[in-house]
Amino acid sequence: MEPKVTIHRYYSRLAKYTGSAEADLELCIQRCGGDVVRMELVNRQHGVQLRRQLRRLLVLVSLSIAYFVGVCCIWNRSLSLWQPRILYPLVTCVSVAILIIRSTLKLVQSERLFYSWDLALQTETVRSFGKETVLCVQRGNIHDIVLNEVIEDLDVKYMLILRTKGTLFQNRPIIPLFNSQSPSFECLQHIYKVLHAYWLNNTNDNSEKSYSIAKPAIVAS
């Protein structure tokens with residue numbers, strides 16, 4: 001059976017607050033039968049954000065080069081690295097460059113989720129230049145999935161949360177899902193409904209199967 005693929009577009013919380021006219025997130029849902037679902041939340045503005053950060057870094061490097069060349073031309077005498085006119089601007093430029101590079105590497109390109117009732121739930125976050133972060137939670141360590149309301153900095157936001165169980169995830173009882181791009185409530189609600197439907201349907205199906213298998217044994221006894 002061919003996988004059923006649906007594509008939806010949503011706004012992030014930042015895009016809503018800034019009044020963006022175009023949705024910046026794209027949600028792709030691939031249903032593979034009744035037990036497996038794949039989701040991918042793509043940042044449609046990642047290319048623009050990446051170019052903006054690289055442009056800032058280029059401007060910083062250009063201004064730094066122009067400044068130090070100008071200092072060397074004006075003061076012909078020997079210059080020392082420890083002189084204030086050299087040391088302070090150099091430390092400032094390096095610090096700002098590090099901040100720009102770190103923010104560039106943190107830009108999220110896409111977030112992916114794979115859920116299979118028989119196997120596990122796996123999340124994958126892809127950042128700039130292909131950097132990936134993967135987390136896998138086995139079926140036996142999944143307690144449930146909830147959509148929770150959180151108050152942060154006097155602002156109400158919603159988070160999709162995976163609650164775990166077992167000693168393996170004792171230090172991580174709560175794992176946020178699709179949180180890196182701050183999607184809107186409508187997007188999280190859609191994801192929650194899909195995941196909850198797979199979770200609930202498979203729970204009921206497996207409970208009925210277990211009951212139908214155990215029933216003949218009880219009658220026979």
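Source: prediction; values computed, not measured. What's counted below: heavy atoms across the whole structure, side chains too, no hydrogens, waters or symmetry copies.
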Quick one: does Glu40's side chain get under 4.5 Å of Ile29's, heavy atoms only? no
Under the side-chain contact (heavy atoms from CB on, under 4.5 Å) rule, what do Lys131 and Thr125 come out as? Steps first, then yes or no, please. CA-CA 8 Å; Lys131 182 181 179 181; Thr125 303; over 6 Å; no
Are side-chain N/O atoms of His46 and Ser128 paired as donor and acceptor at under 3.5 Å? yes
Looking at Arg127 and Glu111, is any side-chain nitrogen of the basic one under 4.0 Å from a carboxylate oxygen of the acidic one? no
Take Tyr115 and Leu113 through the side-chain contact (heavy atoms from CB on, under 4.5 Å) test and state the conclusion after the steps. CA-CA 7 Å; Tyr115 173 72; Leu113 183 144; 4.0 Å; yes
For a quick check under 3.5 Å, do Gln53 and Arg56 share a side-chain donor-acceptor pair by atom type? yes
Test side chain to side chain donor-acceptor pair (under 3.5 Å) applied to Asp24 and Gln181, step by step: CA-CA 10 Å; Asp24 58 338; Gln181 303 182 73; over 6 Å; no
Here the pair of heavy atoms bringing Val126 nearest to Gly130 is CG1-CA, 4.5 Å
Hey, any chance Leu195 and Val137 share a hydrophobic cluster, counting ILVMFWY side chains that come within less than 4.5 Å of each other, even indirectly? yes
Out of curiosity, Leu168 CG to Gln170 CD, how far, rounded to the nearest 0.5 Å? 10.0 Å
Taking the side chain as every heavy atom from C-beta outward, state whether Pro183 and Arg13 have any pair of such atoms under 4.5 Å apart. no
Give a yes or no on whether a salt bridge exists between Arg44 and Glu22, defined as a side-chain N under 4.0 angstrom from a carboxylate O. yes
Within the structure provided, determine whether Cys28 and Val5 are in side-chain contact (heavy-atom separation under 4.5 Å). yes
Polar side-chain atom of Asn43 near backbone of Ser110 as donor-acceptor pair, under 3.5 Å: no
Does Arg172 offer a backbone N or O that forms a donor-acceptor pair with the side chain of Thr164 under 3.5 Å? yes
Would you call Ile7 and Glu26 a side-chain contact if the rule is heavy atoms closer than 4.5 Å? yes
Are any of the side-chain heavy atoms of Val146 and Asp144 separated by less than 4.5 Å? yes
Value for NZ (Lys16) from CZ (Phe185), rounded to nearest 0.5 Å, stands at 9.5 Å
Is it true that Glu186 and Tyr10 share a donor-acceptor pair across their side chains at a distance under 3.5 Å? no
Membership question, hydrophobic clusters at under 4.5 Å side-chain separation (ILVMFWY): are Ile161 and Val194 in the same one? no
Atom CG in Leu50, atom CG in Leu105: separation rounded to 0.5 Å? 9.5 Å
First locate atom CZ of Phe178, then atom CE of Met39, and finally report the distance between them rounded to the nearest 0.5 Å. 6.5 Å
Would you say Glu132 has more than 12 foreign heavy atoms packed within less than 6.0 Å of its CD? yes
Test of understanding: clusters of I, L, V, M, F, W, Y form through side-chain heavy atoms closer than 4.5 Å, transitively. Do Val48 and Tyr11 belong to the same one? no
Joint hydrophobic cluster, Leu60 plus Ile86, side-chain heavy atoms closer than 4.5 Å: no
Of all the heavy-atom pairs spanning Leu177 and Leu188, show the shortest one and how long it is. O-CD2, 4.4 Å
Show, in sequence, the C-alpha distance, side-chain angles and deciding distance for Leu90 and Val94, and conclude whether the side-chain contact (heavy atoms from CB on, under 4.5 Å) test is met. CA-CA 6 Å; Leu90 180 61; Val94 171; 4.2 Å; yes
Under a 3.5 Å distance rule, please check whether Asn148 uses its side chain to pair with a backbone N or O of Met159 as donor and acceptor. no
Got a second to check how far Leu57's CG is from Ser103's OG, nearest 0.5 Å? 9.0 Å
Do Phe68 and Ser64 have side-chain heavy atoms sitting under 4.5 Å apart? yes
Transitive ILVMFWY side-chain link Leu41 to Leu147, under 4.5 Å: yes
Distance check, rounded to the nearest 0.5 Å: His190 atom NE2 versus Ser184 atom OG? 11.5 Å
side-chain contact (heavy atoms from CB on, under 4.5 Å) between Ile145 and Leu160: does it pass, once the steps are laid out? CA-CA 7 Å; Ile145 301 171; Leu160 188 62; 4.0 Å; yes
Quick check on Lys165: does its NZ atom have over 12 non-hydrogen neighbours (other residues, nucleotides or ligands) under 6.0 Å away? yes
